[in-house]
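Below is one structure; the comments refer to it alone.
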Amino acid sequence: MLRAILIKLSENKRLAQWSMKNALSRRVAQRFVPGETLDAAVAAARASNAAGLTVSLDLLGENVYTREAALRAAESYLAMFDRIATEKLNGNVSMKLTQLGLDLDLQLCEASVLRIAECAARHGNFVRVDMEGSPYTQRTIELVQRVRARTDAMGTVIQSYLRRSEKDVRDLLAAQCRIRLVKGAYKEPADIAFPAKSDVDANFVALMKIMLPSGIYHAIATHDPRMIQATKDFAASQGIGKDKFEFQMLYGIRGDLQRSLLKEGYRVRVYIPFGTDWYPYFMRRLAERPANLTFFLRNLFR
Ligand SMILES: Cc1cc2nc3c(=O)[nH]c(=O)nc-3n(C[C@H](O)[C@H](O)[C@H](O)COP(=O)(O)OP(=O)(O)OC[C@H]3O[C@@H](n4cnc5c(N)ncnc54)[C@H](O)[C@@H]3O)c2cc1C
């Protein structure tokens, strides 16, 4: 119930404007978003690399309303690859298609995605297309498949809460696509998504077991110790080496778990979002864990 309310509020434009101007909410959001500039993200990436973690940088922003804004986002992504190279960061990039104009003009969006993927390839790097709400799932998978037919420096994300995901995983594996497996962060109707957490978790494990033996380098993105243990157990039972896949977690969440996985010899990547448009991302993180909301409210009333 609380999760549904918070996800609904994450789409509220007025609350977004208020929060983004409010000094306190900006400060609390810094737990999940290191800053509004690429410099802030680079500083966080440097610290993560020094601790043994690789990173994925993400310029926050969704659903742009003009072609200019979509093209500006594309330019920012292209610049990120140069910056990663000059700073010698061990990191790649994650991006959202609605930020590149998916809702405005499919051709414009696809041309930008191709430019970004080719730029990633030139740098010997990689770009991941995040998965947004279900109205975008089919279009995202189709666009990723079309662009990957021209350059393979790109992968995408599959959400275990969606009932369709097993077919999507099999189709992407057939095309040799690298997949990040997540549970899913949006509010979805029960006819297309499992309402019960136990089913989402069971599907996460089932999809992980389809993905890992493929020989493709995938990412298991979760903070859930049970999902992580199931992955470790399965990989060990199949003789899949610790260097054949990676765990991924979000900046500011379960640093203890990130460090203990590193100590055990697993690869761990931290997703580092930055930018001024942090409100929807921040609200989805509050929705995932009521304790985060308590932390926020305690600060608000202090
Ligand atoms: C690297 C990465 C990329 C992602 N990309 C996408 C994407 O493209 N599309 C998409 O829909 N979703 C994405 N997500 C979000 C994902 O779908 C989940 O919403 C999120 O990871 C929480 O689920 P969980 O697997 O951690 O398990 P949960 O069952 O939600 O949580 C398990 C445990 O993890 C800890 N935890 C989880 N969330 C938080 C939090 N916010 N604060 C503190 N502790 C927490 C708690 O200890 C909790 O008990 C991504 C997640 C990661 C880690």
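Numbering of ligands and ligand atoms starts at 1, following listing order.
Phe282 does not carry Arg284 over the face of its six-membered ring by the limits of under 6.0 Å from the centre and within 45° of the normal.
Side-chain contact check for Thr98 and Glu132: at least one donor-acceptor pair (N or O, by modelled atom type) lies under 3.5 Å. Side-chain contact check for Ser48 and Arg269: no donor-acceptor pair (N or O, by modelled atom type) lies under 3.5 Å. In summary, the side chains of Asn92 and Ser56 do present a donor paired with an acceptor at a separation below 3.5 Å, with no hydrogens or angles considered. Defined by atom type and a distance below 3.5 Å, a donor-acceptor pair is present between the side-chain atoms of Tyr136 and Asp103. A donor-acceptor contact under 3.5 angstrom links the side chains of Gln138 and Arg164, judged on distance only.
Under the 4.0 Å criterion applied to side-chain N and carboxylate O atoms, Glu264 and Lys242 are not assigned as salt-bridge partners.
Scanning the protein for heavy atoms near atom 27 (O) of ligand 1, the closest one is Lys183 NZ, 3.2 Å. Nearest non-hydrogen protein atom to atom 25 (O) of ligand 1 is Thr222 OG1, 2.6 Å. Annotation: atom 49 (O) of ligand 1 to nearest protein heavy atom, Arg289 NE, 4.7 Å. Remark: minimum distance from atom 14 (N) of ligand 1 to any protein heavy atom is reached at Val182 CG1, 3.8 Å. If you check which protein heavy atom lies closest to atom 19 (O) of ligand 1, you get Glu288 OE2, 2.7 Å. The nearest heavy-atom contact from the protein to atom 42 (N) of ligand 1 is Asn292 ND2, 2.7 Å. The closest protein non-hydrogen atom to atom 2 (C) of ligand 1 is Leu250 CD2, 3.5 Å. Shortest contact from atom 15 (C) of ligand 1 to any protein heavy atom: Arg285 NH2, 3.9 Å.
The Ala221 neighbourhood of ligand 1 comprises atoms 1 (C), 2 (C), 52 (C), 53 (C), with distances under 4.0 Å to a heavy atom of that residue. Below 4.0 Å from some heavy atom of Gln159 lie the following atoms of ligand 1, by number and element: 9 (N), 10 (C), 11 (O). Each of the following atoms of ligand 1 lies closer than 4.0 Å to a heavy atom of Val157: 7 (C), 8 (O). In summary, the atoms of ligand 1 found under 4.0 Å from a heavy atom of Gly184, numbered by their order in the structure, are 11 (O), 16 (C), 17 (O), 19 (O). Close contacts between ligand 1 and Asp130 involve ligand atoms 8 (O) [criterion: under 4.0 Å to a heavy atom].
Between Ile253 and ligand 1, no pair of N/O atoms sits closer than 3.5 Å. Backbone and side-chain nitrogen or oxygen atoms of Tyr271 are examined, and none is located within less than 3.5 angstrom of a nitrogen or oxygen of ligand 1. Looking at ligand 1, you'll find an N or O of Met131 within less than 3.5 Å of one of its N or O atoms. Close N/O approach between His223 and ligand 1 is found [any backbone or side-chain N/O within under 3.5 Å]. Residue Arg31 places no N or O, backbone or side chain, under 3.5 Å from any N or O of ligand 1.
In Arg269, neither the side chain nor the backbone holds a heavy atom less than 4.0 Å from any atom of ligand 1. At a heavy-atom cutoff of 4.0 Å, ligand 1 is contacted by the side chain of Tyr186 but not by its backbone.
The main-chain N or O of Val55 is never found under 3.5 Å from a side-chain atom of Tyr251 such that the two would form a donor-acceptor pair. Arg148 places a side-chain N or O within 3.5 Å of a backbone atom of Met154 that can act as its donor or acceptor partner. Checking side-chain atoms of Asp58 against main-chain N and O of Ile272 turns up no donor-acceptor pair under 3.5 Å.
Using a 4.0 Å cutoff on heavy atoms, Lys197 counts as a contact of ligand 1.
Between atom CD1 of residue Ile116 and atom CE of residue Met80 there is a gap of 9.0 Å, rounded to the nearest 0.5 Å.
When the heavy-atom distances from atom 3 (C) of ligand 1 to Arg180, Met249, Met227, Gln248 are ranked, the shortest goes to Arg180.
Looking at residues two or more places apart in sequence or on another chain, you find no side chain to side chain donor-acceptor pair (under 3.5 Å) involving Thr156.
Within a 4.0 Å radius of atom 31 (O) of ligand 1, the protein has no heavy atom. Contact annotation for atom 38 (N) of ligand 1: protein present (non-hydrogen atoms, distance under 4.0 Å).
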Side-chain polar contacts of residues 186-194 - donor-acceptor pairs under 3.5 angstrom, sequence neighbours left out - could you list them?
unit_1	atom_1	unit_2	atom_2	d
Glu188	OE1	Ser134	OG	2.5
Glu188	OE2	Ser134	N	2.8

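Residues Phe247 and Tyr271 fall into different hydrophobic clusters, defined by Ile, Leu, Val, Met, Phe, Trp and Tyr side chains chained together at heavy-atom separations under 4.5 Å.
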